[in-house]
Chemist: 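Pasting a structure below so you can have a look.
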Amino acid sequence: MKAPSSGTSERNVPVKAVLISLLVILANIVVHGAIFLFFRDSGLNPLVTAFLAVLWGVLGVYEIYYSLNWAAEQYPDRVRRKVLPIIFIGPAILLLGWLVFMPALRTLYLSFFNAASDQFVGLDNYAAIFSDRLMGIALRNNLLWVFIGTLACVTLGLLIAILADRSSFEKLAKSIIFMPMAISFVAAGVIWKFVYYYQPGNEQIGLLNAIVTFFGGEPQAWTSMLQPWNNLFLILILIWMQTGFAMVIFSAAIKGVPEDILEAARVDGAGEIKIFFRIMIPYISGTILTVTTTIIVFTLKIFDVVMVMTGGQYDTEVVATQFYRQFFMYRNFGYGSTLAIVLLIAVIPVIIINLRQFRKQGGF
């Protein structure tokens, strides 16, 4: 009798490996499902439960990946190379789908219904966006945030990166300018609320009004009475926070410009301004596009600063605050979901541009 050929053996291995993989997946589901049910029904002390849950989370993730990796090792090399990426990326994709894609699809579904989500209204909610006065104000304000905020952050970030790169106290300057990035938008809103604070009378505790009255001026309600300039005072907070982000990215890109190109331009008689516009800007154009699109995404979904500073009053509404107000305060689920979809549609093209730029730079 002939021994089975190696080719036959190779064909039989995947069947065994598939069975092992299915058993490993089933065992993980049973074991971790039982642990979950134990925590749910145990009635242990909350602190003990929290400690054990954290321990289970850490060890459980390690065990799942280890067992799945062991199952993948049972496949031939040509199959293993295809299975391993699924093992290590698959759970993240499933989690992303559960937390992002499924809610997005449900939000899209709700946007075609009325406030109580019990009657189909088609595109009525989308048509209402363009006839609502408050939405007109919100869209106008979002455009202000996008154009003025993004332009200022990118311009100042690039300028500071160039100047700091040539100074003797580069690290100190960059640290100070980057520091606001460590603060959340809510905390920044609270800080700047004290800067803009206004109260009737001569005694002012707001920093800006204290300076104005010191020089003999009249205190102003910067974020309420000065419309539509109050939006610019709110945009200033974004500039204060995001300029440091742009500066750090631009500084790293500028340091990557080959020094021999710069020296050759100087030898040819080019001035620093011409070098900046003719060599540096084209060389870091990809970085400029990436930073610009990233800040545009921030500005399109701006919410925290406006909500903390004005609550969307005094014509400072943006799309995100309108969404919050309609969905969570007025319980108008259809219109609120429509606003969320509008924000998503506005952000998607910017993200696509960013991903294409990353691909050109070899990011993935």
Chemist: Count the heavy atoms of every other residue, nucleotide or ligand shown that sit under 6.0 Å from CZ of Phe194, and state whether that count exceeds 12.
Modeler: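 Atom CZ in Phe194 is not crowded, with 12 or fewer foreign heavy atoms closer than 6.0 Å.
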
Chemist: Quick one: are Ile25 and Leu68 in side-chain contact, heavy atoms under 4.5 Å?
Modeler: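 Result yes, sub-4.5 Å side-chain heavy-atom pair found.
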
Chemist: Got more than 12 heavy atoms from elsewhere within 6.0 Å of CZ, Phe233?
Modeler: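 More than 12 within 6.0 Å, yes.
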
Chemist: Testing the basics here: between Arg80 and Tyr75, what is the closest heavy-atom pair and its distance to 0.1 Å?
Modeler: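 Closest heavy-atom pair between Arg80 and Tyr75: NH2-O, 3.0 Å.
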
Chemist: Leu234 and Ile239: same hydrophobic cluster, using ILVMFWY side-chain contacts below 4.5 Å?
Modeler: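 Leu234 and Ile239: one cluster.
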
Chemist: First locate atom CG of Leu143, then atom CG of Leu300, and finally report the distance between them rounded to the nearest 0.5 Å.
Modeler: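 One gets 8.5 Å once the value is rounded to the nearest 0.5 Å.
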
Chemist: For the aromatic rings, using the six-membered ring if either is Trp, is the centroid distance between Phe113 and Phe333 under 6.0 Å?
Modeler: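 No; Phe333 has its ring centre 6.0 Å or more from that of Phe113.
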
Chemist: Hey, does the side chain of Asn230 reach the backbone of Tyr314 with a donor-acceptor pair shorter than 3.5 angstrom?
Modeler: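 Indeed, once roles are kept as given, a pair shorter than 3.5 Å links the two residues.
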
Chemist: Please lay out, stage by stage, how Asn142 and Thr299 fare under the test side chain to side chain donor-acceptor pair (under 3.5 Å).
Modeler: CA-CA 7 Å; Asn142 261 110; Thr299 56; over 6 Å; no

Chemist: Looking only at non-hydrogen atoms, find the nearest pair between Tyr196 and Leu236 and report the distance.
Modeler: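 Heavy atoms only, the tightest pair is OH-CD2, 3.4 Å.
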
Chemist: I need the Ile148 CD1 to Ile235 CD1 distance, nearest 0.5 Å.
Modeler: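 Going from CD1 on Ile148 over to CD1 on Ile235, the span is 5.0 Å.
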
Chemist: Return yes if a side-chain donor-acceptor contact under 3.5 Å exists between Asn141 and Thr316, otherwise no.
Modeler: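 Short answer, no.
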
Chemist: Under 3.5 Å, is there a donor-acceptor pair between the side chain of Arg325 and the main chain of Gly311?
Modeler: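 Between the backbone of Gly311 and the side chain of Arg325 there is a qualifying donor-acceptor contact (under 3.5 Å).
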
Chemist: How long is the span from the CG atom in Asp124 to the CZ atom in Phe120, to the nearest 0.5 Å?
Modeler: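 Taking CG in Asp124 and CZ in Phe120, the distance rounds to 9.0 Å.
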
Chemist: Can you confirm whether His32 sits close enough to Ile64 that some side-chain heavy atom of one is under 4.5 Å from a side-chain heavy atom of the other?
Modeler: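 In short, these two side chains touch, coming nearer than 4.5 Å.
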
Chemist: Do Asn114 and Tyr335 touch side chain to side chain, with heavy atoms closer than 4.5 Å?
Modeler: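 No, their side chains stay 4.5 Å or more apart.
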
Chemist: Taking Val297 as the starting point, is it possible to reach Phe303 by hopping between hydrophobic residues whose side chains are less than 4.5 Å apart?
Modeler: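 As far as the 4.5 Å side-chain criterion goes, Val297 and Phe303 are not connected within one cluster.
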
Chemist: Might you point out which heavy atoms bring Phe178 and Gly244 nearest each other, and give the distance in Å?
Modeler: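 Closest approach of Phe178 to Gly244, heavy atoms only: CD1-O, 3.5 Å.
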
Chemist: So which heavy atom on Ile302 is nearest to which on Val318, and how close?
Modeler: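 In this case the closest contact between Ile302 and Val318 is O-CG2, 3.4 Å.
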
Chemist: With a 4.5 Å cut-off on side-chain heavy atoms, are Phe276 and Ile281 touching?
Modeler: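 Yes, close enough: below the 4.5 Å cut-off.
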
Chemist: Could you tell me whether the side chain of Asp304 and the main chain of Phe185 form a donor-acceptor pair under 3.5 Å?
Modeler: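 No: the side chain of Asp304 does not pair with the backbone of Phe185.
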
Chemist: Please determine if Glu170 and Lys255 form a salt bridge, counting it only when a charged side-chain N lies under 4.0 Å from a carboxylate O.
Modeler: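 Result for this pair is yes, salt bridge flagged.
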
Chemist: Just wondering, more than 12 heavy atoms not from Lys301 lying within 6.0 Å of its NZ?
Modeler: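 No - once you tally the heavy atoms of other residues, nucleotides and ligands closer than 6.0 Å, there are 12 at most.
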
Chemist: Would you check, one step at a time, whether the test side-chain contact (heavy atoms from CB on, under 4.5 Å) holds for Gln322 with Leu134?
Modeler: CA-CA 8 Å; Gln322 266 292 300; Leu134 287 177; 4.0 Å; yes

Chemist: side-chain contact (heavy atoms from CB on, under 4.5 Å) between Gln220 and Leu208: does it pass, once the steps are laid out?
Modeler: CA-CA 9 Å; Gln220 302 290 334; Leu208 189 54; over 6 Å; no

Chemist: Count I, L, V, M, F, W, Y as connected when their side-chain heavy atoms are under 4.5 Å apart, and connections chain through other members. Are Ile177 and Ile162 then in the same cluster?
Modeler: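 Yes, Ile177 and Ile162 fall within the same hydrophobic cluster.
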
Chemist: Between the main-chain N or O of Met247 and the side-chain N or O of Ser251, is there a donor-acceptor pair closer than 3.5 Å?
Modeler: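 No; judged by distance alone, with no hydrogens or angles, the pair does not exist.
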
Chemist: Please check this pair: side chain of Thr155 against backbone of Ala152, looking for a donor-acceptor N/O pair closer than 3.5 Å.
Modeler: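 No.
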
Chemist: Determine whether Leu343 and Met135 fall in the same hydrophobic cluster, where Ile, Leu, Val, Met, Phe, Trp and Tyr are linked whenever their side-chain heavy atoms lie under 4.5 Å apart.
Modeler: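 The answer is yes; both residues are in one hydrophobic cluster.
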
Chemist: Could you list the donor-acceptor pairs under 3.5 angstrom formed between side-chain atoms of residues 96-111 and any protein atom two or more places apart in sequence or on another chain?
Modeler:
unit_1	atom_1	unit_2	atom_2	d
Thr107	OG1	Pro103	O	2.7
Ser111	OG	Leu108	O	2.5
Ser111	OG	Tyr126	OH	2.8

Chemist: Within the side chain of Asn69, is there an N or O that forms a donor-acceptor pair under 3.5 Å with the backbone of Tyr65?
Modeler: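 No; zero donor-acceptor contacts below 3.5 Å.
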
Chemist: With ring centroids as reference points, do Trp222 and Trp229 lie under 6.0 angstrom apart?
Modeler: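 When the ring centroids of Trp222 and Trp229 are compared, they turn out to be at least 6.0 Å apart.
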
Chemist: Do Arg140 and Glu317 sit within salt-bridge range, that is, some charged N less than 4.0 Å from a carboxylate O?
Modeler: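 No, Arg140 and Glu317 are not salt-bridged.
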
Chemist: Give me the atom names and distance for the closest heavy-atom approach of Gly157 to Ala246.
Modeler: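 Looks like CA-CB, 4.1 Å.
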
Chemist: Hey, what do you get for CD1 (Ile284) to CD1 (Ile249), rounding to the nearest 0.5 Å?
Modeler: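 With rounding to 0.5 Å, CD1 (Ile284) is 11.5 Å from CD1 (Ile249).
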
Chemist: Would you please test Asn209 and Gln199 for side-chain contact (heavy atoms from CB on, under 4.5 Å) and show each step?
Modeler: CA-CA 9 Å; Asn209 276 324; Gln199 62 183 14; over 6 Å; no

Chemist: Over all heavy atoms of both residues, which pair between Ile183 and Trp240 is shortest? Give the atoms and the distance, please.
Modeler: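 Looking at all heavy atoms of both residues, the shortest contact is CD1-CH2, 3.8 Å.
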
Chemist: Would you say Val306 and Met329 are hydrophobically clustered, going by side-chain heavy atoms of ILVMFWY under 4.5 Å?
Modeler: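 No: no chain of side-chain contacts under 4.5 Å links Val306 to Met329.
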
Chemist: How long is the span from the NZ atom in Lys82 to the CG atom in Asp77, to the nearest 0.5 Å?
Modeler: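 Answer for the NZ-CG pair, Lys82 versus Asp77, is 12.5 Å.
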
Chemist: What I'd like to find out is whether the side chain of Thr338 reaches to under 4.5 Å of the side chain of Gln326, using heavy atoms alone.
Modeler: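 Contact flag for Thr338/Gln326 side chains = no.
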
Chemist: Side-chain contact, heavy-atom cut-off 4.5 Å: Pro219 with Val212?
Modeler: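 Side-chain contact under 4.5 Å: no.
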
Chemist: Would you say the side chain of Phe250 lies within less than 4.5 Å of the side chain of Ile288, judging by non-hydrogen atoms?
Modeler: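 SC-SC contact between Ile288 and Phe250 confirmed.
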
Chemist: May I ask you to check whether Trp145 and Phe298 place their ring centres under 6.0 Å from each other?
Modeler: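 Ring-ring flag for Phe298/Trp145: false, centres at least 6.0 Å apart.
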
Chemist: Could you give the distance from CD1 (Ile295) to SG (Cys153), rounded to the nearest 0.5 Å?
Modeler: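 That separation rounds to 4.5 Å.
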
Chemist: Val305 and Leu238: side-chain contact (heavy atoms from CB on, under 4.5 Å), yes or no, with the steps?
Modeler: CA-CA 8 Å; Val305 170; Leu238 173 81; over 6 Å; no

Chemist: If we only count heavy atoms from C-beta on, is the Lys193 to Val190 side-chain gap below 4.5 Å?
Modeler: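 Of all side-chain heavy-atom pairs linking Val190 with Lys193, none is under 4.5 Å.
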
